[in-house]
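First the structure, in the form of structure tokens, and then the observations on it.
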Amino acid sequence: MRRIHDVTKATLTDFVLDHVAPGAEVHTDGWQGYFDIGRHRFRHVVTNVSASGDPAHAVLPHVHRLASLVQRWILGTHQGAISHDQLDYDLDEFTFRFNRRRSHHRGLLFYRLLEGAVAADPHPHKALTSKSVA
């Protein structure tokens, strides 16, 4: 997950190119900003939610479930106190927890956390708490 600043074709295509494995199947709704995705290394499946006649949560259930889980996590874990400056870090934490929600090897969770911390660039406390957006 990543916060994006607009939903233009260029922004959405760049996001998919950066975050989806080559050859993967990408499912989207009929938003015109997704139209260039199929021109790249992905199979693009478009589902026109309004034309289907079914509610959006029935047509794209995984998207709506994930959005619901993020909202519950923000309200429960963070008591709704998510700051704009920390949103990217909070989304990273949610993604880490979500991707490991069914892990049977709990000891590996801490190992993976340390592995990710070592692989990431250092972020001094001042940079994390700064009001400026990079």
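Note that the structure is predicted; figures quoted are calculated from it, not measured. What you see below is based on every heavy atom in this structure, not just the backbone, and it leaves out hydrogens, waters and symmetry mates.
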Heavy-atom closest contact ([X] atom, [Y] atom, distance):
| X | Y | answer |
| --- | --- | --- |
| His19 | Arg2 | CE1-NH1, 3.3 Å |
| Ala58 | Pro61 | O-CD, 3.7 Å |
| His44 | Tyr34 | CE1-O, 3.2 Å |
| Leu60 | Val49 | CD1-CG2, 4.0 Å |
| Leu66 | Phe94 | CD1-CE2, 3.6 Å |

Please report the interatomic distance [atom1]([X]) to [atom2]([Y]), rounded to the nearest 0.5 Å.
| X | Y | atom1 | atom2 | answer |
| --- | --- | --- | --- | --- |
| Thr28 | Asn48 | OG1 | CG | 10.0 Å |
| His62 | His57 | NE2 | NE2 | 13.5 Å |
| Asn99 | Arg101 | CG | CZ | 7.0 Å |
| Thr95 | Glu93 | OG1 | CD | 10.0 Å |

Problem - Distance-only side-chain donor-acceptor flag, Thr11 / His5, under 3.5 Å - result: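 No, His5 and Thr11 have no side-chain donor paired with an acceptor closer than 3.5 Å.
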[Y] backbone acceptor or donor facing [X] side chain under 3.5 Å:
| X | Y | result |
| --- | --- | --- |
| Arg3 | His84 | yes |
| Thr13 | Ala10 | no |
| Arg41 | Leu17 | yes |

Handout entry: Whether over 12 other heavy atoms sit under 6.0 Å from His123 NE2
Key =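 Enclosed: over 12 neighbouring heavy atoms sit under 6.0 Å from NE2 of His123.
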Answer with yes or no whether the hydrophobic clustering places [X] together with [Y]; edges join I, L, V, M, F, W, Y residues whose side-chain heavy atoms lie under 4.5 Å apart.
| X | Y | result |
| --- | --- | --- |
| Val7 | Phe15 | yes |
| Leu69 | Leu75 | no |
| Phe35 | Ile37 | no |
| Val59 | Val45 | no |
| Trp31 | Ile4 | yes |

Exercise for the section: Would you sort out whether Asp90 and His78 count as a side chain to side chain contact (heavy atoms under 4.5 Å, CB included), showing the intermediate values? Expected result: CA-CA 9 Å; Asp90 292 330; His78 295 281; 3.8 Å; yes
Handout entry: Phe98 and Met1: CA distance, side-chain angles, deciding distance, side chain to side chain contact (heavy atoms under 4.5 Å, CB included) verdict
Key = CA-CA 11 Å; Phe98 181 82; Met1 296 178 79; over 6 Å; no
Problem - Thr77, Leu87, Val70 screened by side-chain contact (heavy atoms from CB on, under 4.5 Å) with Ile82, the one that passes - result: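 Only one of Thr77, Leu87, Val70 forms a side-chain contact (heavy atoms from CB on, under 4.5 Å) with Ile82, namely Leu87.
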